[in-house]
Protein chains: 2
Amino acid sequence: MPDHEREMEIVHLLRAATVELGLRSARFASRNGMHPTDVRALIALMDASRSGSEMTAGRLGTLLGLNSAGTTAVVDRLERLGHVRRVRDERDRRRVLVEIDERAVELGQAFFGPLIGRAVELLEGYDERELTAIRGFLTGVRDAAAEASG
Amino acid sequence: MPDHEREMEIVHLLRAATVELGLRSARFASRNGMHPTDVRALIALMDASRSGSEMTAGRLGTLLGLNSAGTTAVVDRLERLGHVRRVRDERDRRRVLVEIDERAVELGQAFFGPLIGRAVELLEGYDERELTAIRGFLTGVRDAAAEASG
DNA sequence: CCGTAATATCTCGTTCAGCGAGATACTTGG
DNA sequence: CCAAGTATCTCGCTGAACGAGATATTACGG
């Protein structure tokens with residue numbers, strides 16, 4: 001049996017980081033009268049908005065691992081808080097596009113901005129080869145986690 | 001305004017990885033008749049066990065961001081499934097130590113083993129300096145996320 | 001075209017995770 | 001030895017998310 005200690009330490013660090021990030025977004029949620037799922041939905045919407053793609057209700061539900069009833073409920077809650085609006089897709093009128101409100105984006109930036117800033121700061125201390133290593137590791141983990149059932 | 005594009009790409013990668021890891025553990029949960037919180041509890045228990053420290057009910061609740069009632073409920077559920085057992089702490093009889101069952105550990109390893117294996121495999125492709133960079137970044141993110149209110 | 005199948009969302013009724021309030025049991029310090 | 005503090009549990013309740021199925025729209029074979 002080989003000695004994987006150095007590698008396992010990093011695996012545990014990754015897990016510890018995801019746990020802390022989860023707790024942080026839970027705190028953001030409860031401070032703003034939301035639930036963790038609502039925050040995850042907002043993040044998915046910001047991501048879509050940033051990459052210029054539009055988000056349908058169904059796709060959002062899939063990303064969150066919810067069924068259709070739960071998806072409707074999430075969008076209802078966010079709409080009630082004014083963080084998103086429903087827009088009928090005119091190209092396929094079965095679809096409902098969910099658009100995030102600019103003020104919700106600002107709210108998120110106010111809370112997560114410092115954390116993101118700190119991460120960027122950390123990354124600025126690395127050279128090109130180190131950044132490539134970090135990028136490669138995270139990409140690999142993301143893809144391995146995304147792979148279907150095991 | 002400086003050009004943070006390369007750094008932001010990595011920040012988004014980190015988030016994408018945490019999202020995928022979250023979905024993966026949600027799938028593990030529902031496949032084994034558990035809820036995401038139960039899985040998070042098991043992970044915290046494995047972590048404690050691995051580092052040789054014991055876990056009390058209260059500490060577990062804090063780690064999960066639950067109040068005492070919710071904590072009791074999580075431990076009840078896990079105990080009912082045979083994944084943990086309650087043991088009165090004889091040194092301070094107010095406390096309840098939560099011990100994880102060996103079979104629960106095996107269950108987790110069977111599901112997450114391949115993913116961890118893949119991560120270790122990826123890490124084996126990096127040299128010492130690259131590993132240090134990855135470790136440093138993850139440590140920094142974890143600590144930044146853990147810092148108190150903003 | 002027309003009808004059937006497929007797709008997207010929503011409604012309804014139900015279950016149970018997690019909360020607040022407070023009870024209980026034990027420990028510690030004056 | 002009593003009061004205050006700490007750890008866990010009980011009870012009742014709210015609401016997130018589920019399953020089943022309704023509704024509206026699109027796609028497709030004949």
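We use all heavy atoms of the structure for the numbers below, so side chains are in, but hydrogens, waters and symmetry mates are not. Residue numbering restarts at 1 for every chain, and letters A, B, ... go by the order of the sequence lines.
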### Query
For B:R142, does the CZ atom sit with more than 12 other heavy atoms under 6.0 Å from it, leaving out its own atoms?
yes

### Task
Return the value, rounded to whole Å, for the distance between atom CG of A:D92 and atom C1' of D:dA24.
11 Å

### Query
A:L81 has an atom CG; how far is it from atom P of D:dA16, in whole Å?
10 Å

### Message
So A:S25 and A:F111, do their side chains get closer than 4.5 Å, heavy atoms only?
### Response
no

### Message
Rounded to whole Å, please give me the gap between CD in A:E79 and C1' in C:dC10.
### Response
13 Å

What are the atom names and distances for every N/O pair under 3.5 Å that joins the protein to nucleotides 14-23 of chain C?
| unit_1 | atom_1 | unit_2 | atom_2 | d |
| --- | --- | --- | --- | --- |
| C:dA17 | OP1 | B:H35 | NE2 | 2.8 |
| C:dA17 | O5' | B:R77 | NH1 | 3.4 |
| C:dG18 | OP1 | B:T37 | OG1 | 2.5 |
| C:dG18 | OP2 | B:R77 | NH2 | 3.0 |
| C:dC19 | OP2 | B:N67 | N | 3.1 |
| C:dC19 | OP2 | B:N67 | OD1 | 3.3 |
| C:dG20 | N7 | B:N67 | ND2 | 3.3 |

### Message
Just to be sure I understand the rule, does A:R88 reach a base, reach only the sugar-phosphate, or reach nothing, if contact means heavy atoms closer than 4.0 Å?
### Response
nothing

### Message
I need the CE-C1' distance between A:M55 and C:dT9, as an integer number of Å.
### Response
16 Å

### Query
Please give, in whole Å, the distance from D:dG5 C1' to B:R93 CZ?
19 Å

### Query
Is any side-chain nitrogen or oxygen of A:R94 closer than 4.0 Å to OP1 or OP2 of C:dA6?
no

### Task
Using a strict cut-off of less than 4.0 Å between a Lys/Arg side-chain nitrogen and an Asp/Glu carboxylate oxygen, indicate whether A:R103 and A:D101 qualify as a salt bridge.
yes

#### Entry: Residue closer to the 5' end of DNA chain C, A:R95 versus A:D76 (nearest nucleotide)
A:R95

### Task
Answer yes when B:R6 and B:E9 have at least one side-chain N-carboxylate O distance shorter than 4.0 Å, and no when they do not.
no

### Task
Identify which nucleotide among C:dC10, D:dT8, C:dA8 has an atom closest to any side-chain atom of B:T56, counting heavy atoms from C-beta outward.
D:dT8

### Query
Could you give the CG-to-C1' distance, from B:D89 to C:dA25, as a whole number of Å?
14 Å

### Message
Please check if the number of heavy atoms outside A:R135 that lie under 6.0 Å from its CZ is greater than 12.
### Response
yes

### A:R93 backbone acceptor or donor facing A:R88 side chain under 3.5 Å
yes

### Query
Whole-Å distance between D:dA7 P and B:R91 CZ?
15 Å

### Message
Distance check needed: D:dT25 P versus A:E90 CD, whole Å only.
### Response
11 Å

### Name of the residue among B:T71, B:L97, B:D92 meeting side chain to side chain contact (heavy atoms under 4.5 Å, CB included) with B:T56
B:L97

### Message
Less than 4.0 angstrom between a side-chain N/O of B:R86 and OP1 or OP2 of D:dC9, yes or no?
### Response
yes

